[in-house]
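The structure under discussion appears below in the form of structure tokens.
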Protein chains: 2
Amino acid sequence: MADREAQEERGKMKGIRELAEHLDISIGTVSRALNGKPDVNEETRKRVLEAAESLGYVANQSGRALRKGATGVIGFMMQTGTEITGQGDTFFMSVFDGVQTVFARHKLDLVALLCSSEEDPNDYLKRVVARGFADGIILSATRRHDARFELLAKRKIPFITLGRSLTDVGQPWLDLDFEGMAEASIDRLVARGHTNIAITRPHDDMNLGYVFEDQCRATLARHGLRLDERHVFRSTPNEAGGYQIARELSALQNRPTAIVLINEAIAVGLYRGLVEAGVKPGRDLAIIGRQSPQSEFLSPRLTSFSLSLRDLGIALAETLLGTMPAFAHVYPAKPAQLLWPMALVPGESD
Amino acid sequence: MADREAQEERGKMKGIRELAEHLDISIGTVSRALNGKPDVNEETRKRVLEAAESLGYVANQSGRALRKGATGVIGFMMQTGTEITGQGDTFFMSVFDGVQTVFARHKLDLVALLCSSEEDPNDYLKRVVARGFADGIILSATRRHDARFELLAKRKIPFITLGRSLTDVGQPWLDLDFEGMAEASIDRLVARGHTNIAITRPHDDMNLGYVFEDQCRATLARHGLRLDERHVFRSTPNEAGGYQIARELSALQNRPTAIVLINEAIAVGLYRGLVEAGVKPGRDLAIIGRQSPQSEFLSPRLTSFSLSLRDLGIALAETLLGTMPAFAHVYPAKPAQLLWPMALVPGESD
DNA sequence: TTGGCTTCCGTAAACGTTTACGATACTATG
DNA sequence: CATAGTATCGTAAACGTTTACGGAAGCCAA
């Protein structure tokens with residue numbers, strides 16, 4: 001026991017070879033024992049497992065991946081330096097948590113592939129994916145035209161997207177039901193007598209902006225109303241963006257009486273900006289937004305759409321695995337392209 | 001040209017071998033050409049580079065890492081499902097952005113190692129690190145007693161921590177200057193006449209809670225004051241935690257007249273809870289906190305401590321690389337254990 | 001012409017695993 | 001006792017790179 005610790009201390013434990021000769025067993029048997037293969041004596045397996053534990057041996061990732069042709073890693077691509085949701089780690093961390101409960105069952109590891117804001121996302125993906133870094137990819141923050149879809153499809157890398165794009169290549173996707181949100185919001189506001197309704201959308205090419213605006217427009221049309229071009233506010237998806245919207249909106253002569261916010265974080269800045277401009281949220285302007293950790297602490301409480309991000313993560317993972325040959329038998333074919341419903345949580349802001 | 005594309009389409013581009021025989025050059029020369037080694041004809045190199053580009057060849061990560069003994073990947077460990085700062089992706093995304101500007105210069109990739117909330121962080125680290133997944137590690141959310149430090153030190157993995165711990169093993173670290181924040185906050189509040197001051201700290205074993213409380217206590221003592229045990233509020237580091245604090249605090253008969261918040265997100269819930277309890281922030285209770293994307297949109301504007309997260313990320317990366325033999329020549333020895341200063345941004349809340 | 005340099009390139013051996021295959025010893029069956 | 005079958009293990013060949021080493025030219029000076 002003492003020499004074992006000494007051996008570990010000295011860091012002599014290089015690889016499976018040292019472990020094998022320490023046990024006086026062939027390297028092949030050690031590998032089989034560790035990997036739970038059937039043709040190995042149970043007592044031998046126990047010895048190997050114990051030795052590996054006490055010597056702190058863990059199979060080298062590169063060697064294993066090289067031989068097996070799979071890394072056991074799924075990558076979730078995100079861009080740093082930019083604010084995707086403006087909502088906080090809570091958003092992605094919750095999704096991740098759901099994803100991992102599924103992955104854990106298959107000894108898969110989830111890592112976030114962090115694309116620098118200074119590198120082209122397509123180049124990054126090409127680099128990291130072609131390198132065989134991950135066995136599968138999850139894409140988020142999808143854009144109207146997203147070349148990443150075609151790239152992954154061409155390389156035949158299993159992937160799923162959290163969000164849609166015009167460049168759909170038949171891959172599985174999950175997306176929040178912005179159509180449903182738009183329709184329910186407009187219907188609700190119209191039923192409450194609003195006819196002059198504004199909306200927000202991201203300032204950039206995020207796909208959800210188009211989906212949302214189109215559906216808002218369609219639903220308004222169903223009510224015989226139309227969306228004033230000047231009432232479509234483009235902003236960064238964060239608090240500052242909301243503040244900016246408040247300033248623009250309150251300066252309008254034909255001010256809308258209601259607004260639907262597509263992003264979570266906007267509400268915080270919007271509230272502040274409105275108050276400063278003498279426009280009282282909920283009384284002078286009806287507001288419907290997206291639920292976030294902050295939204296329920298706004299005053300008046302934000303009427304918002306909520307969803308279980310953890311469940312979304314679970315569905316995301318299961319759907320992805322369903323498309324990967326090695327796991328497909330566990331996850332029978334589900335609808336591979338799915339709109340994720342959101343529930344309206346009434347507050348005091350509309 | 002046409003057959004090149006066809007070849008890429010057919011996905012025949014397996015590895016460097018195919019690339020080599022397509023060029024009718026030896027595999028060794030191709031490798032040298034791609035890696036910028038000196039002993040290769042410039043015209044040959046150009047041919048190789050062009051072919052690699054047009055055929056979409058990228059060196060396989062596993063093979064390369066196996067041979068070189070290095071992965072070119074640095075891991076930033078974080079736990080999912082839990083809220084570290086409660087502040088949002090903005091916090092880590094900004095830090096990441098700084099880290100990456102440094103890493104990009106050395107063709108290093110940053111990935112976030114996501115530890116599930118259901119797995120023990122130490123086990124996770126052991127698994128992922130011993131596997132040789134990353135060449136270096138960045139640890140955050142350090143705990144009072146953090147076994148991860150010893151683990152990495154024993155394995156001789158280069159690492160740096162964003163945060164301190166009692167289990168310091170002499171590794172480099174960066175940490176926010178909570179001592180400075182505590183001192184400046186208390187001094188400021190005392191100068192404004194407050195004698196009954198409360199503080200917050202995380203509900204769990206995060207190291208910063210101890211550092212912060214100790215310094216607050218010391219500074220108060222310097223002023224001849226003491227910290228009432230019932231005025232040390234433990235909470236989750238998010239909005240809900242702040243709300244809870246507001247409820248507890250406003251129910252106290254001996255209510256403090258000022259409070260210093262160690263976490264960012266707390267302020268949002270605190271404000272709301274105070275208002276509901278009829279306690280007006282800034283008038284009935286002086287508040288000093290940490291700057292966040294939301295803090296400046298609170299009303300009254302939060303007096304808070306700010307810092308450049310991007311610069312912090314840069315320092316983090318440079319210090320880490322300074323300890324790695326392969327890069328140390330670029331980053332001469334800096335102070336490897338450094339308190340990162342924060343600046344007080346006066347608001348209206350104190 | 002010879003010898004030594006330089007430039008360029010091919011050969012082959014690693015790197016640490018996993019796994020197909022074959023070998024051995026033992027058990028059961030006739 | 002012979003044979004087939006089973007349980008267990010060792011051997012060696014991959015996986016895709018990088019790189020130490022050596023060899024083949026070409027050049028220049030003596």
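What you see below is based on every heavy atom in this structure, not just the backbone, and it leaves out hydrogens, waters and symmetry mates. Proteins get letters first, then strands, A, B, ... in listed order; numbering begins at 1 in each.
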Specify the separation, in whole Å, of atom [atom1] of [X] and atom [atom2] of [N].
X        : N      : atom1 : atom2 : value
A/Phe133 : D/dG16 : CZ    : P     : 18 Å
A/Glu43  : D/dT8  : CD    : P     : 11 Å
A/Leu34  : C/dT17 : CG    : P     : 9 Å
B/Leu66  : D/dG16 : CG    : C1'   : 9 Å
A/Leu23  : D/dG10 : CG    : P     : 11 Å
B/Ile16  : C/dC15 : CD1   : P     : 19 Å

Any chance the side chains of A/Thr142 and A/Asn207 put a donor and an acceptor closer than 3.5 Å?
no

Would you say the side chains of A/Thr161 and A/Gln171 form a donor-acceptor pair under 3.5 Å?
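Yes, because at least one side-chain N or O of A/Thr161 sits under 3.5 Å from a partner of the opposite role on A/Gln171.
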
Is [X] salt-bridged to [Y], cutoff N-O under 4.0 Å?
X        : Y        : value
B/Arg144 : B/Asp205 : no
A/Arg47  : A/Glu50  : no
A/Glu21  : A/Lys14  : no

Does [X] put a side-chain nitrogen or oxygen below 4.0 Å from OP1 or OP2 of [N]?
X       : N      : value
A/Tyr57 : C/dT17 : yes
B/Arg64 : D/dT18 : yes
B/Asn35 : D/dT18 : yes
B/Lys68 : D/dT17 : no
B/Lys37 : D/dT19 : yes

At how many degrees, to 10°, do the end axes of the helix from C/dT1-D/dA30 to C/dG30-D/dC1 meet when each uses five pairs?
50°

List the atom pairs, donor and acceptor, that lie under 3.5 Å between side-chain atoms in residues 64-71 of chain A and the rest of the protein, sequence neighbours left out.
{"from": "A/Thr71", "atom 1": "OG1", "to": "A/Val73", "atom 2": "N", "distance (Å)": "3.2"}
{"from": "A/Thr71", "atom 1": "OG1", "to": "A/Phe133", "atom 2": "O", "distance (Å)": "3.3"}
{"from": "A/Thr71", "atom 1": "OG1", "to": "A/Asp135", "atom 2": "OD1", "distance (Å)": "3.0"}

Let me check something: any side-chain donor-acceptor pairs from residues 31-41 of chain A under 3.5 Å, sequence neighbours excluded? List them with distances.
{"from": "A/Arg32", "atom 1": "NH2", "to": "A/Thr29", "atom 2": "OG1", "distance (Å)": "3.3"}
{"from": "A/Asn41", "atom 1": "OD1", "to": "A/Glu43", "atom 2": "N", "distance (Å)": "2.7"}

Which pairs pass salt bridge (charged side-chain N to carboxylate O under 4.0 Å, His left out) with one or both residues in residues 103-112 of chain A, sequence neighbours excluded?
A/Arg105-A/Glu318, A/Asp109-B/Arg127, A/Asp109-B/Arg131

One character per nucleotide, please: for nucleotides 6-14 of chain C, 5' to 3', B when the base has a protein heavy atom closer than 4.0 Å, S when only the sugar-phosphate does, - otherwise.
--SBBB-BB

Name all pairs fulfilling the ring-ring contact (aromatic ring centres under 6.0 Å, His included) condition that reach into residues 309-330 of chain B, sequence neighbours left out, sorted by first residue then second.
B/His106-B/Phe327

